[in-house]
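So the structure is just underneath, and the comments pick up after that.
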Amino acid sequence: MTKITLRDVAREAGVGTATVERVVNGRGGVRPDTVEKVFLAVRKLNYRHVMPEAHRGLVRIEVVLVRPETNFYSRMNQAFERIAALLDHSIVVHRTFARENDPADFAHYIAKPKNRRSSLIVVAPDHPDVVTSVRQAAALGIPVIQIMTRPAPELPYVGIDNYAAGRTAAYYMSRMQAGKAGSFVALCHSGGAYENHRERIRGFSEYLAEHADGGHAFVEVMFDFDDEHNTIELLRNALRRHPNVIGVYSAGGDNVAVASVLKNQRTRMAFWVGHELSDQTRSYLREGIMSVVLDQVPEIQARRSIDLTLKALGLIDVDVSTEPVRFLTVTPENV
């Protein structure tokens with residue numbers, strides 16, 4: 001094989017040979033973004049040189065998540081933490097939780113990061129200011145990966161097929177209630193904040209519309225903003241308005257509130273499909289309150305988003321799947 005030289009590294013990085021020599025020998029005096037270019041070129045070309053210890057954490061992958069108090073994002077955060085511990089010392093994964101209920105602040109954080117970033121992995125609410133900031137970050141030439149939801153459809157996305165998840169919820173609910181006429185209701189975060197929730201409700205609704213001869217009617221979708229008090233009030237009122245409800249689909253993160261209402265409805269057990277496997281939903285399945293859980297396996301989403309980032313940066317040379325992450329269907333029999 002042809003021996004890789006400093007000149008080859010310089011050509012790949014788009015800098016001078018003297019700059020490469022300063023970086024690989026740790027002599028300083030080079031801008032951080034230029035050092036990063038040289039480092040990536042060294043790795044891509046497999047230049048046989050050990051980078052100085054001073055370049056620890058040179059490649060900074062920023063992960064922006066929301067709602068750390070939820071089981072799902074706690075699992076995802078822990079997954080990123082475990083992955084980060086296994087990466088090369090030159091790569092750091094910095095995790096931040098942004099405020100989803102303050103789009104202006106969220107957008108400002110994306111557009112004006114406090115520290116230089118090499119790439120961005122983000123759970124982005126579908127707000128014009130946030131989406132614009134995400135697109136602007138991508139326009140700077142860094143890899144930007146949308147995780148969980150994809151408000152900018154032209155950018156890479158890691159997550160489940162949310163439309164298919166909604167259809168799957170409707171499939172189980174209608175099939176398991178075959179021969180039993182009644183109504184279905186659904187809850188989700190909101191009509192506009194998250195594209196993934198809209199897709200789940202769209203899939204749920206369209207499946208039921210295509211199979212309308214089953215004696216089931218989808219009568220109402222409620223927006224609870226994943227607030228426990230909102231969920232309880234909305235669902236209780238819906239059950240009063242529609243005494244023939246036999247199915248509930250919770251497309252967001254409102255499982256505790258839904259369970260508290262359905263526990264008091266034992267005389268008319270509803271078929272409940274929700275998202276995310278946790279200690280709580282495991283107990284709801286075992287108690288017979290919940291019927292099916294669709295789990296998004298955030299651990300796989302975290303791993304794949306990191307792999308796509310490393311691939312885009314030229315740090316790994318392996319194929320990374322861009323297919324939707326397969327969600328898991330959990331019932332009382334396989335919990």
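The first residue of the sequence shown is numbered 1, and numbering continues consecutively from there.
Criterion: ILVMFWY side-chain heavy atoms under 4.5 Å apart, direct or through other members. Under it, Leu120 and Val123 are part of a common hydrophobic cluster. No path of Ile, Leu, Val, Met, Phe, Trp and Tyr side chains, each step under 4.5 Å between heavy atoms, connects Tyr163 with Met148, placing them in separate hydrophobic clusters. A continuous path of Ile, Leu, Val, Met, Phe, Trp and Tyr side chains, each step under 4.5 Å between heavy atoms, connects Val335 with Met290, placing both in one hydrophobic cluster. Connection of Phe271 to Phe184 is established within a shared hydrophobic cluster, with ILVMFWY side chains joined at heavy-atom distances below 4.5 Å, either directly or through further cluster members. No path of Ile, Leu, Val, Met, Phe, Trp and Tyr side chains, each step under 4.5 Å between heavy atoms, connects Phe80 with Tyr157, placing them in separate hydrophobic clusters.
At least one side-chain heavy atom of Thr322 sits under 4.5 Å from a side-chain heavy atom of Leu308. Looking at Val185 and Val221, their side chains never come closer than 4.5 Å, going by heavy atoms from C-beta outward. Under the 4.5 Å side-chain criterion, counting only non-hydrogen atoms from C-beta, Asp226 is in contact with Arg67. In this structure, the side chains of Val293 and Leu285 come closer than 4.5 Å at one or more pairs of heavy atoms. In this structure the side chain of Val248 never reaches within 4.5 angstrom of the side chain of Val261, judged on heavy atoms. In this structure, the side chains of Ser118 and Ile61 stay at 4.5 Å or more apart for every pair of heavy atoms. When side chains are defined from C-beta on, Arg167 counts as touching Glu210, because their heavy atoms get closer than 4.5 Å. Annotation: side chain of Ser119 is not in contact with side chain of Glu62 (no heavy-atom distance under 4.5 Å).
Between Ile201 and Ala186, the shortest heavy-atom contact is CD1-CB, 3.8 Å. The heavy-atom pair separating Leu187 from Thr231 by the smallest distance is CD2-CG2, 3.9 Å. Nearest heavy atom pair, residue Ala257 against residue Ser260, reads O-OG, 2.6 Å.
Here Asp279 pairs with Arg282 under the side chain to side chain contact (heavy atoms under 4.5 Å, CB included) rule; sequence neighbours left out. Not a single salt bridge (charged side-chain N to carboxylate O under 4.0 Å, His left out) links Arg326 to another residue, sequence neighbours left out.
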Practice item. Evaluate the criterion salt bridge (Lys or Arg N to Asp or Glu O under 4.0 Å) for residue pair Lys37 and Glu12; output intermediate values, then yes/no. Key: CA-CA 9 Å; Lys37 290 179 182 178; Glu12 178 67 29; over 6 Å; no

Review point. Step by step, would you call Ile306 with Ile121 a side-chain contact (heavy atoms from CB on, under 4.5 Å)?
Key: CA-CA 8 Å; Ile306 290 291; Ile121 298 170; 3.9 Å; yes

**Study point:** Derivation and outcome, side-chain contact (heavy atoms from CB on, under 4.5 Å), residues Val38 and Val15
**Key:** CA-CA 8 Å; Val38 173; Val15 300; 4.0 Å; yes

Review point. Would Ile145 and Val122 satisfy side-chain contact (heavy atoms from CB on, under 4.5 Å), going step by step from the backbone distance to the final call?
Key: CA-CA 6 Å; Ile145 309 295; Val122 58; over 6 Å; no

**Study point:** Intermediate values then yes/no, side-chain contact (heavy atoms from CB on, under 4.5 Å), Phe106 and Val64
**Key:** CA-CA 10 Å; Phe106 199 120; Val64 180; 4.0 Å; yes

**Study point:** Criterion side chain to side chain donor-acceptor pair (under 3.5 Å) on Asn71 and Ser74, from CA distance to verdict
**Key:** CA-CA 5 Å; Asn71 175 265; Ser74 176; over 6 Å; no

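Between Asp307 and Arg303 a salt bridge is recorded (basic side-chain N to carboxylate O distance below 4.0 Å). Arg202 has a carboxylate O that lies under 4.0 Å from a charged side-chain N of Glu199, or vice versa, which qualifies the two as a salt bridge. For Lys3 and Asp8, the salt-bridge test fails: no basic side-chain N is under 4.0 Å from an acidic carboxylate O. The pair Glu220-Arg241 counts as a salt bridge, with a side-chain nitrogen and a carboxylate oxygen less than 4.0 angstrom apart.
In this structure, Leu262 CG and Arg236 CZ are separated by 11.0 Å, a value rounded to the nearest 0.5 Å. Between the CZ atom of Arg60 and the CD1 atom of Ile142 there is a distance of 10.5 Å, given to the nearest 0.5 Å. Atom NZ of Lys311 and atom OG1 of Thr309 lie 13.0 Å apart (nearest 0.5 Å). For the atom pair Leu6 CG and Glu21 CD, the distance stands at 7.0 Å (nearest 0.5 Å). Note that CG of Leu58 is 9.5 Å distant from CD1 of Ile91, once rounded to the nearest 0.5 Å. Rounding to the nearest 0.5 angstrom, the gap separating the CZ atom in Arg200 from the OG atom in Ser250 is 9.5 Å.
No donor-acceptor contact under 3.5 angstrom links the side chains of Asn255 and Thr281, judged on distance only. Donor-acceptor pairing under 3.5 Å is lacking for the side chains of Tyr172 and Ser291. Under 3.5 Å, the side chains of His275 and Tyr249 contain a donor-acceptor pair of N or O atoms.
Relative orientation of the Phe218 and Phe204 rings is perpendicular, given thresholds of 30° and 60° on the angle between their planes. Taking the six-membered ring for Trp and thresholds of 30 and 60 degrees, His211 and Tyr207 have nearly parallel ring planes, at less than 30 degrees apart.
For His108, the NE2 atom sits in a loose shell: 12 or fewer heavy atoms of surrounding residues, nucleotides or ligands are nearer than 6.0 Å. Counting heavy-atom neighbours within 6.0 Å of Asp33 CG, excluding the residue itself, gives a total above 12.
When the options Thr168, Val297, Asp295 are evaluated for a side-chain contact (heavy atoms from CB on, under 4.5 Å) with Phe327, the one that passes is Thr168.
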